[in-house]
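Worksheet: one structure, shown below.
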Amino acid sequence: MAMSTMIKTIETYNPEETRALGERIGREAGPGQVYTLIGDLGVGKTVFTQGVAVGLCIPGPVNSPTFTILQVYEEGRLPFYHFDVYRIADVEEMEEIGCEDCFYGQGVCLIEWADRIRDILPERYTEIVIEKDLQRGPDYRRITVTQEGRL
Ligand code: ADP
Ligand code: MG
């Protein structure tokens with residue numbers, strides 16, 4: 001049975017706070033963990049991801065792999081598989097990339113725009129939704145963390 005548990009909602013007021021939240025999640029991430037990142041263009045998915053990379057002790061910059069879909073970082077505490085599936089044509093393209101090896105491997109997966117590939121996500125993953133609320137200012141973000149699958 002599909003299960004979904006809301007873990008927490010965090011509000012951030014600048015990019016540094018979003019990056020710091022990502023860093024905490026990166027520090028706590030274990031092998032085989034999959035994170036999905038949902039939110040509109042420019043909401044802060046890549047900022048969050050850069051924090052996760054710091055938390056995984058990955059040296060050097062992590063940018064959006066929009067044109068490659070998958071960027072692999074091997075030099076951190078655990079392998080880091082950073083997907084940006086914004087330009088994915090169909091889920092078969094994901095399979096060709098070898099997403100299954102990443103999803104069910106010993107590294108940490110993070111998938112920007114994961115709502116585009118819902119059908120092929122593993123049963124268990126942590127979903128992070130980032131939203132703006134312009135009434136609260138241009139830099140305000142509400143970040144909701146939900147555990148999908150059994151806890
Ligand atoms: P996405 O990957 O979702 O398209 P980016 O992370 O590339 O978005 O860009 C987010 C932009 O929003 C950056 O320019 C960042 O400086 C800005 N920003 C402003 N406030 C915040 C915040 N609270 N959290 C994250 N990013 C923010
Ligand atoms: Mg991005």
Side-chain angles (χ1 to χ4, degrees), residues 4 6-30 32-103 105 107-122 124-148:
S4 177
M6 216 266 268
I7 299 175
K8 59 186 166 188
T9 300
I10 302 102
E11 296 175 302
T12 70
Y13 296 88
N14 55 58
E16 290 69 36
E17 288 178 8
T18 299
R19 202 175 282 116
L21 175 66
E23 184 174 342
R24 199 164 78 222
I25 286 182
R27 267 202 308 271
E28 291 167 1
Q33 231 163 334
V34 177
Y35 296 91
T36 63
L37 265 181
I38 315 288
D40 294 337
L41 199 65
V43 82
K45 298 183 294 300
T46 297
V47 167
F48 180 91
T49 302
Q50 288 166 341
V52 174
V54 170
L56 285 167
C57 305
I58 292 162
V62 169
N63 292 307
S64 229
T66 296
F67 295 101
T68 53
I69 297 179
L70 171 62
Q71 196 77 51
V72 181
Y73 300 88
E74 303 269 17
E75 49 284 285
R77 186 169 65 75
L78 292 166
F80 182 44
Y81 304 110
H82 180 202
F83 295 83
D84 185 326
V85 301
Y86 184 66
R87 286 191 163 75
I88 201 97
D90 48 47
V91 294
E92 273 160 44
E93 204 181 326
M94 280 299 280
E95 280 151 22
E96 282 159 25
I97 289 164
C99 67
E100 303 254 300
D101 292 339
C102 302
F103 292 172
V108 174
C109 289
L110 191 148
I111 311 158
E112 297 192 43
W113 294 102
D115 38 337
R116 302 190 173 205
I117 56 155
R118 274 244 190 257
D119 292 348
I120 60 158
L121 290 176
R124 194 173 185 290
Y125 60 93
T126 306
E127 178 153 286
I128 295 149
V129 177
I130 311 180
E131 296 163 300
K132 290 189 187 183
D133 181 349
L134 289 176
Q135 290 189 330
R136 307 194 56 179
D139 295 345
Y140 171 87
R141 302 289 190 272
R142 185 171 46 249
I143 303 173
T144 307
V145 182
T146 305
Q147 181 61 44
E148 301 293 334

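Residue numbers run from 1 in the order of the sequence given. Counting convention: from 1, in listed order, for ligands and their atoms alike.
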Under 3.5 Å between any N/O of [X] and any N/O of ligand 1: does that happen in this structure?
| X | answer |
| --- | --- |
| V47 | yes |
| G44 | yes |
| T12 | yes |
| Y140 | no |

Using a 4.0 Å heavy-atom threshold (strictly under), name the region of [X] that reaches ligand 1: side chain, backbone, both or neither.
| X | value |
| --- | --- |
| E112 | side chain |
| N14 | backbone |
| D40 | backbone |

Name the residue from L37, T36, L70 that meets the side-chain contact (heavy atoms from CB on, under 4.5 Å) definition with F83.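 It is L70, the one option of L37, T36, L70 that forms the side-chain contact (heavy atoms from CB on, under 4.5 Å) with F83.
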Test side-chain contact (heavy atoms from CB on, under 4.5 Å) applied to I38 and V129, T144, V43, T146, the passing residue: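 Of all the options given, the one that passes is V129.
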Taking only heavy atoms of D139 into account, list the atoms of ligand 1 that are under 4.0 Å away from them.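 Checking each atom against D139, I get 19 (C), 20 (N), 21 (C), 22 (C), 23 (N).
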Subset of ligand 1 atoms that lie under 4.0 Å from at least one heavy atom of L41: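 Under 4.0 Å from L41, ligand 1 has these atoms: 4 (O).
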Which residue supplies the protein heavy atom nearest to [atom], what is that atom called, and how far is it?
| atom | result |
| --- | --- |
| atom 16 (O) of ligand 1 | P15 CG, 3.3 Å |
| atom 24 (N) of ligand 1 | T18 OG1, 2.6 Å |
| atom 7 (O) of ligand 1 | T46 CB, 3.7 Å |

Once rounded to 10°, what is the value of the angle centred on the Mg ion (ligand 2) between T46 OG1 and E112 OE1?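 Rounded to 10°, it measures 80°.
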Residues that T46 engages under side-chain hydrogen bond (donor to acceptor under 3.5 Å, both in side chains), provided they are two or more places apart: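 Residues passing side-chain hydrogen bond (donor to acceptor under 3.5 Å, both in side chains) with T46: S64, E112.
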Under the side-chain hydrogen bond (donor to acceptor under 3.5 Å, both in side chains) test, which residues partner R77, sequence neighbours left out?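 Per chain and number, R77 pairs via side-chain hydrogen bond (donor to acceptor under 3.5 Å, both in side chains) with no residue.
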Evaluate the 4.0 Å heavy atom contact test for atom 14 (O) of ligand 1: does a protein atom fall under the cut-off?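 Looking at atom 14 (O) of ligand 1, one finds that no protein heavy atom lies closer than 4.0 Å.
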Is G42 in contact with ligand 1, taking contact as a heavy-atom separation below 4.0 Å?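 Checking ligand 1 against G42, which is what was asked, there is a heavy-atom contact under 4.0 Å.
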So that I know where these two stand, are F48 and Y35 an aromatic pair - ring centroids less than 6.0 Å apart?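 No, the ring centres sit 6.0 Å or more apart.
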Heavy-atom distance to atom 17 (C) of ligand 1: which of R141, R142, K132, E16 wins?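 Result: the heavy atom closest to atom 17 (C) of ligand 1 is in R141.
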